[in-house]
S.K.: 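Dropping the structure in here first, questions after.
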Amino acid sequence: MQVRVDTPGGAYPIHIAAGRLDELAHSIPDDATAVALVTNDTVSALYGTRARAALAASGKPVHVIELPDGEGHKTWETLNRIFDALLVAQLDRKAVLVALGGGVVGDVCGFAAACYMRGVRFVQAPTTLLAQVDSSVGGKTAINHPLGKNMIGAFYQPLAVEIDTDVLATLPPREVSAGLAEVIKYGMIADAPFFDWCEAHAQALRALDPEAVRHAIRRSCEIKARVVSRDERDVGLRAILNFGHTFGHAIESGLGYGQWLHGEAVGCGMVMAAELSVRACGLDAAVVERIRSLVAAIGCPVRAPDLGVDRWLDLMRVDKKVEGRVIRYVLLPALGRADVQGVDDDLVRPLLASGRLIEGR
Ligand code: NAD
Ligand code: GLY
């Protein structure tokens, strides 16, 4: 199964199949001089040997670069560790980096590829559901800065995205639910029939039914590919991919990163953004109830922590979409359609104090 991405910065295939990990050599171009397999200790223990053997079938020397696991390592130090390893191994501009792991490994490895010798080719081999349906596609690469998440980075497209659906079998259930939040997001913002399908297959998806998971990944990648092909640099349409993220980011930073997984916060944030859509752009209230039920069905929280109304607004004002202190939200005028709109704080305040959305209110 293949989906194409076509952006000004590069056109490439997304291959989706069980066992694709063993085919990684196909993504290494003939003129590559060497391969650097960039992964983390958790993923390496599970799939490092297989991935290395698969890449060795390309006939190129394979160097493994193992990073420490965790969002806390998405830093300059980790990036430098990759550069050190590439330089010590004397890899040249025709080397190819392969990112084997979740979104953290993909984002750091992609940024390393964008910088090393002013740019070398790289392949995304995402191993979390979130990375397979979102972060590996579209060329956003980054590390965190102490003052902000993903603040230092580049748009840099991979040569290919290689998705092995089998590797999801070892993913903790919470990570599966977090990835499913991004899957159902695509139905909400761009494809109402896909939302209906997700409703009908929520339990199959949570249980990682192979056919359901392949369909969900393919449809998610198709929608993301379409959006980033029209707006690679995130100057307009691409913002719709951030549905639920304004509220979600506030939950993540308000509680401290790592308390809730990103996808969990986005799941809850989508319920909040849907409620706001009723007030700000006339979304049918019945759709909000469907969204709330589906977010709960995939195993994500539907009520947010009580951060205090003013603090919520302060946290949401750090969002990249803010213009002149007005918070701009991705809203749904209808299921399957999304718009970005500035909303007055007075319309948002009641939601942030509502017992339906906020725990303990
Ligand atoms: P992650 O990379 O931290 O992975 C989650 C955990 O799962 C880690 O402990 C990881 O080692 C482990 N893991 C990975 N694959 C596994 C497997 N098959 N079996 C068992 N364990 C496995 O988190 P994530 O949710 O994949 O990605 C989150 C990151 O992605 C964040 O840094 C976020 O900023 C970034 N992101 C980037 C984009 C983008 O467009 N570039 C989009 C969304 C998110
Ligand atoms: N995950 C949002 C984007 O790729 O733009």
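Whatever order the structure lists them in is the order used to number ligands and atoms, beginning at 1. Positions are given from 1 along the sequence. These numbers come from the heavy atoms of this one structure, side chains and all, not from hydrogens, waters or symmetry mates.
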S.K.: Which part of Asp107 is near ligand 1, with near meaning a heavy atom under 4.0 Å away: side chain, backbone, both or neither?
M.R.: side chain

S.K.: In terms of heavy-atom contacts, does CZ of Arg93 have more than 12 from other residues, nucleotides or ligands at under 6.0 Å?
M.R.: no

S.K.: Can you check which of Leu171, Leu129, Val176 brings a heavy atom nearest to atom 22 (C) of ligand 1?
M.R.: Leu171

S.K.: Just which atoms of ligand 1 are under 4.0 Å from any heavy atom in Glu71?
M.R.: 31 (C), 32 (O)

S.K.: Just which atoms of ligand 1 are under 4.0 Å from any heavy atom in Thr42?
M.R.: 11 (O)

S.K.: Would you check the N or O atoms of Val167, main chain and side chain alike, for any that come under 3.5 Å of an N or O of ligand 1?
M.R.: yes

S.K.: If the cut-off is 4.0 Å to any non-hydrogen atom of Lys224, which atoms of ligand 1 fall inside it?
M.R.: 40 (O)

S.K.: Salt-bridge test for Arg218 and Glu222: reply yes if a basic N is under 4.0 Å from a carboxylate O, no otherwise.
M.R.: yes

S.K.: Looking at Tyr47, which atoms of ligand 1 are within less than 4.0 Å of one of its heavy atoms?
M.R.: 18 (N)

S.K.: Show your working on side-chain hydrogen bond (donor to acceptor under 3.5 Å, both in side chains) between Glu175 and Thr128 and close with a plain yes or no.
M.R.: CA-CA 7 Å; Glu175 299 283 354; Thr128 61; over 6 Å; no

S.K.: May I ask which of Val43, Thr39, Asp134 has a heavy atom nearer to atom 13 (N) of ligand 1 than the others do?
M.R.: Val43

S.K.: Looking only at N/O atoms, are Thr141 and ligand 1 under 3.5 Å apart anywhere?
M.R.: no

S.K.: For atom 29 (C) of ligand 1, which of the options Ser136, Gly103, Ala131, Gly153 provides the nearest non-hydrogen atom?
M.R.: Gly103

S.K.: Determine whether the side chain, the backbone, both or neither of Leu261 has a heavy atom under 4.0 Å from any heavy atom of ligand 1.
M.R.: neither

S.K.: Quick check on contacts: which atoms of ligand 1 are under 4.0 angstrom from a heavy atom of Asn40?
M.R.: 10 (C), 11 (O)

S.K.: List every atom of ligand 1 that sits less than 4.0 Å from any heavy atom of Lys149, numbering the atoms from 1 in the order shown and giving each element.
M.R.: 31 (C), 32 (O), 33 (C), 34 (O)

S.K.: So, is Asp69 polar-close to ligand 1, with some N/O to N/O distance under 3.5 Å?
M.R.: yes

S.K.: Against heavy atoms of Asn150, which atoms of ligand 1 measure under 4.0 Å?
M.R.: 34 (O)

S.K.: Please classify the Leu130 to ligand 1 contact at 4.0 Å (heavy-atom distances, strictly less than): side chain, backbone, both or neither.
M.R.: side chain

S.K.: Ring-plane angle category for His245 and His249, please: parallel below 30°, perpendicular beyond 60°, tilted otherwise.
M.R.: perpendicular

S.K.: May I ask you to say whether Arg349 pairs ionically with Asp310, meaning some side-chain N is under 4.0 Å from a carboxylate O?
M.R.: yes

S.K.: Under a strict 4.0 Å criterion on non-hydrogen atoms, which protein residues are in contact with ligand 2?
M.R.: Asp134, Lys140, Lys224, Arg238, Leu241

S.K.: Is the ring pair Phe83/Tyr116 parallel, tilted or perpendicular, if the boundaries are 30 and 60 degrees?
M.R.: parallel

S.K.: Contact between Glu175 and ligand 1, counting heavy atoms under 4.0 Å?
M.R.: yes

S.K.: Do the charged groups of Asp166 and Arg50 touch, with an N to O distance under 4.0 Å?
M.R.: no

S.K.: Is it the side chain (CB and beyond), the backbone, both or neither of Lys74 that lies under 4.0 Å from ligand 1, heavy atoms counted?
M.R.: side chain

S.K.: Which atoms from ligand 1 have a heavy atom of Leu46 less than 4.0 Å away?
M.R.: 19 (N), 20 (C)

